[in-house]
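Notes for the one structure printed next.
Every chain is numbered from 1, with letters handed out A, B, ... down the list of sequences. A quick note: this is a predicted structure, and the numbers were derived from the prediction, not measured.
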Amino acid sequence: MDSKTFQLTVVPLYRRLYIVARAIASNDDDAADIVQDTMVKLWNVRHDLSRVNSIEAYAVTIVRRCAIDHLRRRHDDCDVEQAVALASEPPCDDAAVVRLAIATLPDSQRRVVEMNVYEERSTDEIARLTGFTPGNVRQLLSRGRRRIREFFAKQ
Amino acid sequence: MTQTSDINEIKRLLALFYEGQTTPEDEARLTSFFLNAEAVEPSLEPDRQLFVALHAASTAEPPADLQRRIVAATCGKRRIYFRYLAAAVLAAAIVVGALVLSTHRTTSSSLSESEPDVAVVSVDTLRRGDASRLVAQSLNSDTSQVEVEIMTAMSAHNKAINPTYNSDSARVVSVFRKVDSRLAKCFANAREGFTSTQMAFNRIDNNINKITQ
């Protein structure tokens, strides 16, 4: 992939990547740094990107890893869930509240709900990417959404 | 369709949503309904908050300069790197020229010997036209102005060391002053170029550190 193709096909993904990064990072600046780091990593492997089935799916995977690494660096002694909880600012707007609600879900529910909300993936896509059956994905989505609704009902 | 049947349809879709059974189209319809609803019945208020918040979280707006930063750190990197590098090389040559001229002025008791003009050689070896254009771009100044500055300084320097001027020492001193003035301007531009270059290198170093961490 040459420079011009990269600019036309990969750079425009930054908005989608920012949404994914912002869901994990503790603030806007960190999310922007994470997206920039992700783009640099993609740039460094640009010659191999033509062999990737979906550059967007690949980029989302990279940005998630970058965001989690970023949190780990900030909280060396914590596991990811603790780091997410520690990094979360006191919720001050609707988006922050729902991010916090999603971050506190059990792992499988959180993973499925995040893929649905931030990555806008369908049930079948999530099933394919996670290895769960479509029925399992629907069940996890159902439980996750009910818990988030309870979170809002208590606010 | 009446308002009541609208609400009933929303409630039916909500039930499907909480069962994980909705399609993306169903979810888009629910989102649209709750974003546009001025008020909903109390039992739907948590649902309204949920859909408004999910929409806000899934449409987070990146900082305005993020795209520019990404381009600068990836596909635009070489161009910027080359521009600053060219500015740095030209600036270094001008500084060398200034130092040589300064030494020449203080150590030469006589200007009768025609010595090799190191400053001119240094600048000439730089493909002056291209380098001047790049420096002008990096400093946001007029290309021809930079070129004129360098050419005038070189011309004045040539005249200063030319034996035909030796008979007129006052004129030599005057020409030297002009050379100093021109080179001072070039030197000021060069310093600016160095600062920009240093900042560019720092940014590149930071990016490399981030990648290798």
Exercise. Taking it one step at a time, do B/Phe51 and A/Phe152 satisfy ring pair (Phe, Tyr, Trp, His ring centres under 6.0 Å)?
Worked result: CA-CA 10 Å; B/Phe51 274 90; A/Phe152 273 91; over 10 Å; no
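Taking B/Ala56, B/Pro24, B/Pro63, B/Ala60 one by one and counting their heavy-atom pairs under 4.5 Å with chain A, the maximum is reached by B/Ala60. With chain B as the partner, the residue from A/Val117, A/Leu17, A/Thr38 showing the most heavy-atom pairs under 4.5 Å is A/Val117. The residue among B/Thr23, B/Thr59, B/Asp47 with the most heavy atom pairs within less than 4.5 Å of chain A is B/Asp47. Chain B forms more heavy-atom pairs under 4.5 Å with one residue of A/Asp37, A/Leu141, A/Val20, A/Val137 than with any other, namely A/Asp37.
Panel note: side chain B/Asp65, backbone B/Arg68; no donor-acceptor pair is recorded below 3.5 Å.
Between A/Arg146 and B/Glu19, the closest side-chain pair of non-hydrogen atoms falls below 4.5 Å.
When ring centroids are compared, A/Tyr118 and A/Tyr18 stay outside the 6.0 Å threshold.
Of the two parts of B/Thr31, neither the backbone nor the side chain holds a non-hydrogen atom closer than 4.5 Å to a non-hydrogen atom of chain A. Looking at A/Asp69, there are no atoms closer than 4.5 Å to chain B (heavy atoms on both sides), in backbone or side chain.
Between B/Arg48 and B/Glu45, at least one side-chain nitrogen of the basic residue sits less than 4.0 Å from a carboxylate oxygen of the acidic one, meeting the salt-bridge criterion.
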